Structure formats: C-alpha cells, structure tokens
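Notes follow once the structure below has been shown.
All figures in this text were calculated on a predicted structure; none of them were measured in a lab. Computation of the quantities below employed the complete heavy-atom set of this structure, encompassing side-chain atoms and omitting hydrogens, waters and symmetry-equivalent molecules. All ligand and atom numbering here is 1-based and tracks the order in the structure.
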Amino acid sequence: MRNHSGQGIGRRRLLVGMAQAAGLLFLTGCDNLSRSEWFTRLLGKTEIVTQRAQRLISPKKAMAKEFIEADLSPVFPPNGNRDPENPDYQRMANNGFADWKLEVGGVVQQPMTFSLVELRDLPSRTQITRHDCVEGWSAIGKWKGAPLGQILERVQPLPSARYVVFHCADPDEDGTLYYESLDFDDAFHPQTILAYEMNDQALPTAHGAPIRLRVERQLGYKHAKYVMRIEVVESFTSIGGGKGGYWEDQGYEWYAGI
Ligand SMILES: Nc1nc2c(c(=O)[nH]1)N[C@H]1C(S)=C(S)[C@@H](COP(=O)(O)O)O[C@H]1N2
Ligand SMILES: [Mo]
C-alpha cells in the first residue's frame, strides 16, 4: 500500500487506486458523487485511510519545516501535566535525575538502559520547529536531543516489531499514566528525537524533564513528556485503553499528522 513509485500517474488516481485496493470502493455509495467529493468522504471514513493518504501526499521522510533563532516564540506555554504527581518522579527530580534511567525494551534483541549522561553523550540533533496543539495554539521552540532511531538501532527490534510505545511518569486524576506510540516510519524519522534541552536550557519540568519526545510532523499530544520507559511492541491493543495513547483512548486520532 505504501507505494511511492506511482507519483507520475497523478495523486488522485493513485489515491483512488489505493482505496480500491483496500476494498472500500463499494462501501461508500458514491454513485452520485464526483470523484473529489467521493474522495473527501472517503478520507473521513477511516483513520487508516487518512493516514495512508497523508503518507502518499507527504513522502515518508518529508521533513517538518525548521525555523531560525529569530522565529523563537517569546513564550512557549506548557500544556497538559506540568509537574507529575508521582513520588518516584519527584524523588528523582529532587536529585537532578542523577539516578534516573530510561529503559528501552520489549520486542528487541538487546534491551538497554540509558542514564541522562549516556543520552547526552550520544550524537545529538538540534532543531527549531513549530509545536501545534490540537487546542489551537502554536509555539516555536528549539530542541536538542538524541535521535530515537539510533537508540532503536542499538536495542535491535525483532522482525515482528511494529510500534514504539512511550510510557510517561505523570498520572491523571484517576491515576492513569500518560503514554503515546509511533510507528517505525516516525520513530526512525530524522527529526524524531528524545529532547533533553529546550531553548538551550536543560528541559524544564513543565516541558517534560528529563526527556520528552519530539515528533515534528504530528500534533502536540504525540510529543510525550516525562518519558520513563520505551517499549517496542507488535501491537498496542493490550496497553492502556488499547488505542495507542492517552488521548487516543479518549477518541483522538492515533495518527495526528499536521
Ligand atoms: N506526559 C505527558 N506528555 C504530554 C502531555 C501530558 O499531559 N503529559 N500533554 C501533551 C500535549 S496535549 C501537548 S500540546 C504537549 C505540550 O507540551 P509543552 O508542555 O512543552 O507545551 O505535550 C504533550 N505531551
Ligand atoms: Mo496539545
């Protein structure tokens, strides 16, 4: 389905062909619709089609726009949890995260842990990008961190692995912990980093200390803060509410493309 070789035949034809291949053509009752009306409806039908269509429109490794220092927002508001109500987290934070360790495991050949010092010693990437929250605000910030791809390469996902799940420290009022997930396209994307600096400072508590995910082609809620553990999985149906993320379990789309 993710075939990018057909670009010469025109986007719509490619998309329609794709929908036909997915067996969706007869589900839509589209006889009286023009192709574009029909396709707009189809896009609304199922998220998986939206996701695939988006992947065709923006090729796999398309980069999110990057900005310059002069574009940095004077104020970058924190959102969601700003200080996890979690005794273990508070203890580690009070100790400057000296004994914090990121666990990376799951369906991998070589589970590993990384201290903050070890993460900082890995090759890093710095990027100035715009964060878009689903609530309707945006802000431009500068992020430095370790590309997630190289960490995954070290733990060696097994062939059955399909998603990467981020388990966070912050519970909601019911004690449910925040979590998120990505597929391997986004996990290995060059702009997907585990950020430990924001605007040239150690990542502030409100923005996810000690590390938070940046996944620049998707909306704010995908950018998990307070990441404690990374789990490579075949499926996320048995994690949390089964939809691949804290907000997804409450109805948000799993693929939050901008
Ligand atoms: N662990 C965790 N990650 C989270 C959230 C949260 O509440 N907890 N909120 C999400 C939402 S909706 C947004 S817009 C961004 C906000 O990032 P910021 O606080 O750096 O602005 O974090 C995302 N990641
Ligand atoms: Mo958000």
Side-chain angles (χ1 to χ4, degrees), residues 64 66-67 71-90 92-93 97 100-104 116 119 125-146 148 163-182 186-187 189 191-231 236 239-241 243-258:
E66 294 195 15
F67 297 80
D71 300 319
L72 287 171
S73 297
V75 176
F76 194 121
N79 199 36
N81 277 315
R82 286 138 217 235
D83 194 4
E85 288 187 24
N86 173 337
D88 287 341
Y89 177 88
Q90 292 297 338
M92 289 188 285
F97 298 105
W100 173 89
K101 274 198 159 54
L102 175 70
E103 286 177 47
V104 189
L116 203 47
L119 283 179
R125 188 176 203 281
T126 301
Q127 57 205 29
I128 299 177
T129 52
R130 196 187 63 223
H131 178 100
D132 295 313
C133 175
V134 75
E135 291 166 7
W137 58 271
S138 298
I140 294 176
K142 180 178 180 182
W143 307 98
K144 179 180 180 185
L148 179 63
Y163 302 100
V164 183
V165 179
F166 304 85
H167 296 279
C168 306
D170 52 316
D172 68 8
E173 313 78 57
D174 302 328
T176 306
L177 294 171
Y178 201 94
Y179 77 104
E180 258 303 337
S181 61
L182 301 179
D186 270 311
H189 187 275
Q191 289 170 315
T192 299
I193 63 174
L194 297 174
Y196 45 73
E197 275 183 24
M198 176 190 192
N199 297 340
D200 299 316
Q201 309 279 320
L203 187 65
T205 303
H207 294 284
I211 58 160
R212 66 101 49 86
L213 180 66
R214 296 297 311 170
V215 47
E216 303 295 353
R217 299 180 303 176
Q218 296 202 54
L219 290 170
Y221 62 88
K222 300 297 289 188
H223 300 232
K225 307 194 282 187
Y226 318 112
V227 177
M228 299 289 120
R229 182 163 65 90
I230 295 179
E231 184 183 10
F236 45 66
I239 296 172
K243 299 290 196 323
Y246 177 81
W247 286 112
E248 289 85 334
D249 287 339
Q250 297 172 55
Y252 285 33
E253 295 220 335
W254 177 77
Y255 190 79
I258 293 168

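With 3.5 Å as the limit, one finds no donor-acceptor pair spanning the side chains of Tyr226 and Asn86.
For the atom pair CD of Gln127 and OG1 of Thr192, the computed distance is 8.0 Å after rounding to the nearest 0.5 Å.
Near ligand 1, residues Phe76, Pro77, Pro78, Asn79, Gly80, Asn81, His131, Cys133, Trp137, Cys168, Asp170, Tyr178, Ala206, His207, Arg212, Gly220, Tyr221, His223, Ala224, Lys225, Tyr226 come within 4.0 angstrom through at least one heavy atom.
Not a single ring pair (Phe, Tyr, Trp, His ring centres under 6.0 Å) links His167 to another residue, sequence neighbours left out. Among residues two or more places apart in sequence or in another chain, the ring pair (Phe, Tyr, Trp, His ring centres under 6.0 Å) test is passed with Tyr179 by none. Every residue two or more places apart in sequence or in another chain that forms a side chain to side chain contact (heavy atoms under 4.5 Å, CB included) with Ala202 is listed here: Arg120.
A salt bridge links Glu66 and Arg125; the closest N-O separation between the charged side-chain nitrogens and carboxylate oxygens is under 4.0 Å.
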